[in-house]
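No hydrogens, no waters, no symmetry mates; every other heavy atom, side chains included, goes into these values.
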Amino acid sequence: QVQLVESGGGLVQAGDSLRLSCVASGGTFSSSTMGWFRQAPGKEREFVAAIRRSGISTNYADSVKDRFAISRDNAKNTVYLQMNSLIPEDTAVYFCAARLSSRILTGESDYEYWGQGTQVTVSS
């Protein structure tokens, strides 16, 4: 069983940056593809970014490409999401997810384990 704990969310102004962290335990982190999803009020949960176990291959939603960067430190069992140039539309609960496979997929159902989420609020 894999446990995921996110941190780093908060209230920021438009244009600011935040870095989210997700620490994994109870599983083989270095073998997992890790993803970030988000859910805004009244909306479906949506894919944000994912990274393969090697840390070399990544994938991003078009809405965050060139602003967000996903990375991982397998020695620390941690995946990060660096969010720059934040806009109010980025306001959401951000979830970390783990997929016990090397393929990068973007569907919510493709990930077996989920964290509880961390709130990010961007004011205009």
What heavy-atom pair brings [X] and [Y] nearest, and what distance separates the two atoms?
X	Y	value
Trp114	Glu108	CZ2-O, 3.3 Å
Gly35	Tyr111	N-CE2, 3.8 Å
Ala49	Tyr60	CB-CD2, 3.6 Å
Gly107	Phe37	O-CZ, 3.9 Å
Trp36	Ser21	CH2-O, 3.7 Å
Pro88	Ser123	CG-C, 4.5 Å

Identify the residue among [options] that makes a side-chain contact (heavy atoms from CB on, under 4.5 Å) with [X].
X	options	result
Phe29	Asn77, Val2, Thr78	Asn77
Met83	Leu18, Val64, Val12	Leu18
Tyr113	Gln3, Gln1, Met34	Gln1

Original post:
According to a 4.5 Å side-chain heavy-atom criterion applied to Ile, Leu, Val, Met, Phe, Trp and Tyr, with indirect links allowed, do Leu105 and Val48 form part of one hydrophobic cluster?
Top reply: no
Report the distance from atom [atom1] of [X] to atom [atom2] of [Y], rounding to the nearest 0.5 Å.
X	Y	atom1	atom2	result
Arg99	Ser31	CZ	OG	13.0 Å
Asp110	Ile104	CG	CD1	12.0 Å
Thr28	Asn74	OG1	CG	11.0 Å
Arg103	Ser57	CZ	OG	12.5 Å
Ile51	Asn59	CD1	CG	11.0 Å
Glu112	Ser101	CD	OG	8.0 Å

Heavy-atom distance under 4.5 Å between the side chains of [X] and [Y], does that happen here?
X	Y	answer
Asp73	Tyr80	yes
Val120	Leu20	yes
Ser30	Arg53	no

**OP:** Please answer whether the main-chain N or O of Thr118 pairs with a side-chain N or O of Glu6 as donor and acceptor at a distance below 3.5 Å.
**Re:** no
Subject >> Pairing residues for Asp90 by the side-chain contact (heavy atoms from CB on, under 4.5 Å) criterion, not counting sequence neighbours >> reply: Arg38, Arg67, Phe68, Leu86, Ile87, Tyr94, Val122
Subject >> Flag if over 12 foreign heavy atoms under 6.0 Å of CD, Gln116 >> reply: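 No.
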